[in-house]
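Beneath this line is the structure, given in structure tokens, with notes to follow.
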Amino acid sequence: MSVYSFKETTVFKKSFLLAMQIFEISKSFPKEEKYSLTDQVRRSSRIVSTNLAEAYRKKRYPAHFISKLTDCDAENSETGIWIEFAFACEYINVEIKQNLISQNEEVGKLLFHMINNPEKY
């Protein structure tokens, strides 16, 4: 049975929560990072959820649906790298990094399942 609304999916709920956590954490990043790290990590984390909304509008066209889901996956992967940069620059500690990466990987696994089983969604 497919899910009617993208907002009902676990992946949307988890990706939205992750984006909001990144937003809160990134408020403490240095001002000189505003147009690089801060904007980039916020943008890539938010695009996962917004692309999911777009994907659901394309569900009647399976190839387009899957294509948009792969866009979500790509943005989620980018988010993971920005988290690594935030840690390497010492803007977040190891505990925060591990927590964010764990959530990021969970979103990736859920997207992988959706990409490989689009008929379930």
Side-chain angles (χ1 to χ4, degrees):
M1 184 172 139
S2 68
V3 176
Y4 178 71
S5 170
F6 67 92
K7 290 182 181 179
E8 295 174 30
T9 65
T10 302
V11 71
F12 175 80
K13 293 172 185 174
K14 288 181 180 263
S15 66
F16 190 88
L17 177 63
L18 177 59
M20 292 307 298
Q21 288 176 350
I22 286 171
F23 173 73
E24 288 300 324
I25 291 165
S26 66
K27 286 179 179 179
S28 67
F29 290 178
K31 295 283 186 221
E32 64 266 18
E33 291 287 7
K34 180 175 176 149
Y35 298 109
S36 54
L37 179 62
T38 305
D39 284 350
Q40 292 296 323
V41 72
R42 287 178 180 177
R43 180 199 54 77
S44 66
S45 66
R46 290 173 176 171
I47 287 177
V48 176
S49 300
T50 58
N51 276 352
L52 192 60
E54 290 181 32
Y56 261 73
R57 292 295 180 205
K58 297 181 178 192
K59 276 179 65 175
R60 77 175 57 189
Y61 309 107
H64 290 286
F65 181 57
I66 293 168
S67 176
K68 207 63 185 171
L69 291 174
T70 62
D71 291 346
C72 293
D73 190 44
E75 293 295 337
N76 188 62
S77 294
E78 181 181 336
T79 299
I81 298 303
W82 288 119
I83 293 167
E84 295 287 349
F85 273 112
F87 176 71
C89 294
E90 299 180 356
Y91 303 147
I92 59 174
N93 64 35
V94 69
E95 183 180 328
I96 291 171
K97 175 199 164 200
Q98 289 173 338
N99 179 279
L100 294 175
I101 291 293
S102 176
Q103 291 179 72
N104 178 259
E105 289 173 350
E106 179 65 20
V107 169
K109 289 175 186 175
L110 292 166
L111 287 168
F112 181 79
H113 187 267
M114 289 181 78
I115 290 165
N116 288 299
N117 303 280
E119 70 283 353
K120 294 183 179 182
Y121 298 93

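Quick caveat, the model's predicted, so the values are computed rather than measured. Positions are given from 1 along the sequence. Both backbone and side-chain heavy atoms feed into the values below; hydrogens, waters and symmetry mates do not.
For the pair S45 and I22, the tightest heavy-atom approach, listed with the atom from each and the gap, is CB-CD1, 3.8 Å. Annotation for A55 and F65: closest pair O-CD1, 3.1 Å, computed over non-hydrogen atoms.
Summarising the geometry, atom CG belonging to L69 is positioned 11.0 Å from atom NZ belonging to K58; distances are rounded to the nearest 0.5 Å. The NZ atom of K97 sits 11.5 Å away from the CG atom of N104 when rounded to the nearest 0.5 Å. Atoms CG and CG, on N51 and D73 in that order, are 11.0 Å from each other to the nearest 0.5 Å. Note: F87 CZ to Q98 CD = 8.0 Å, rounded to the nearest 0.5 Å. Annotation: the span from K7 atom NZ to S49 atom OG amounts to 11.0 Å, rounded to 0.5 Å.
Cluster membership for L18 and F6, using ILVMFWY side-chain heavy atoms within less than 4.5 angstrom, is not shared. V107 and M20 fall within a single hydrophobic cluster, where Ile, Leu, Val, Met, Phe, Trp and Tyr side chains are chained together by heavy-atom contacts under 4.5 Å. L37 and I101 fall within a single hydrophobic cluster, where Ile, Leu, Val, Met, Phe, Trp and Tyr are joined by side-chain heavy atoms under 4.5 Å apart, directly or via other members. Under the 4.5 Å side-chain heavy-atom criterion for grouping Ile, Leu, Val, Met, Phe, Trp and Tyr, W82 is not connected to L17 through any hydrophobic cluster. By the rule that hydrophobic residues join a cluster once side-chain heavy atoms approach within less than 4.5 Å of another member, Y35 and I81 end up as members of separate clusters.
Side-chain atoms of I47 and T79, non-hydrogen and from C-beta on, never get closer than 4.5 Å to each other. Side-chain contact between M114 and L110 is absent, with no heavy-atom pair separated by less than 4.5 Å. Side-chain atoms of Y121 and V11, non-hydrogen and from C-beta on, never get closer than 4.5 Å to each other. Looking at heavy atoms from C-beta onward, I25 lies in side-chain contact with L100 at the 4.5 angstrom threshold. Side-chain contact between V48 and L52: absent, with no pair of heavy atoms (C-beta onward) separated by less than 4.5 Å. In this structure the side chain of F23 reaches within 4.5 angstrom of the side chain of R46, judged on heavy atoms.
No donor-acceptor distance shorter than 3.5 angstrom exists from the side chain of N76 to the backbone of C72, with no hydrogens or angles considered. The main-chain N or O of H113 is found under 3.5 Å from a side-chain atom of N117 such that the two form a donor-acceptor pair.
Relative orientation of the H64 and Y61 rings is perpendicular, given thresholds of 30° and 60° on the angle between their planes. Between Y91 and F29, the ring planes lie tilted relative to each other; the angle falls in the 30° to 60° range.
S36 and E33 form a side-chain donor-acceptor contact under 3.5 Å, judged by distance and modelled atom types alone. Looking only at atom types and distance, the side chain of S26 has no donor-acceptor partner in the side chain of T38 under 3.5 Å away. For the residue pair N99 / Q103, a side-chain donor-acceptor distance below 3.5 Å is found, with atom types taken as modelled.
The existence of a salt bridge linking D71 and K68 is confirmed by a sub-4.0 Å separation between a basic side-chain nitrogen and an acidic carboxylate oxygen.
Summarising the local packing, CZ of F112 is surrounded by 12 or fewer heavy atoms from other residues, nucleotides or ligands at distances under 6.0 Å. E32 CD: more than 12 foreign heavy atoms inside a 6.0 Å radius.
Checked against salt bridge (Lys or Arg N to Asp or Glu O under 4.0 Å), E106 has no partners two or more places apart in sequence or in another chain. Residues satisfying the side chain to side chain donor-acceptor pair (under 3.5 Å) criterion with R43, sequence neighbours excluded, are Q40, E75, E78.
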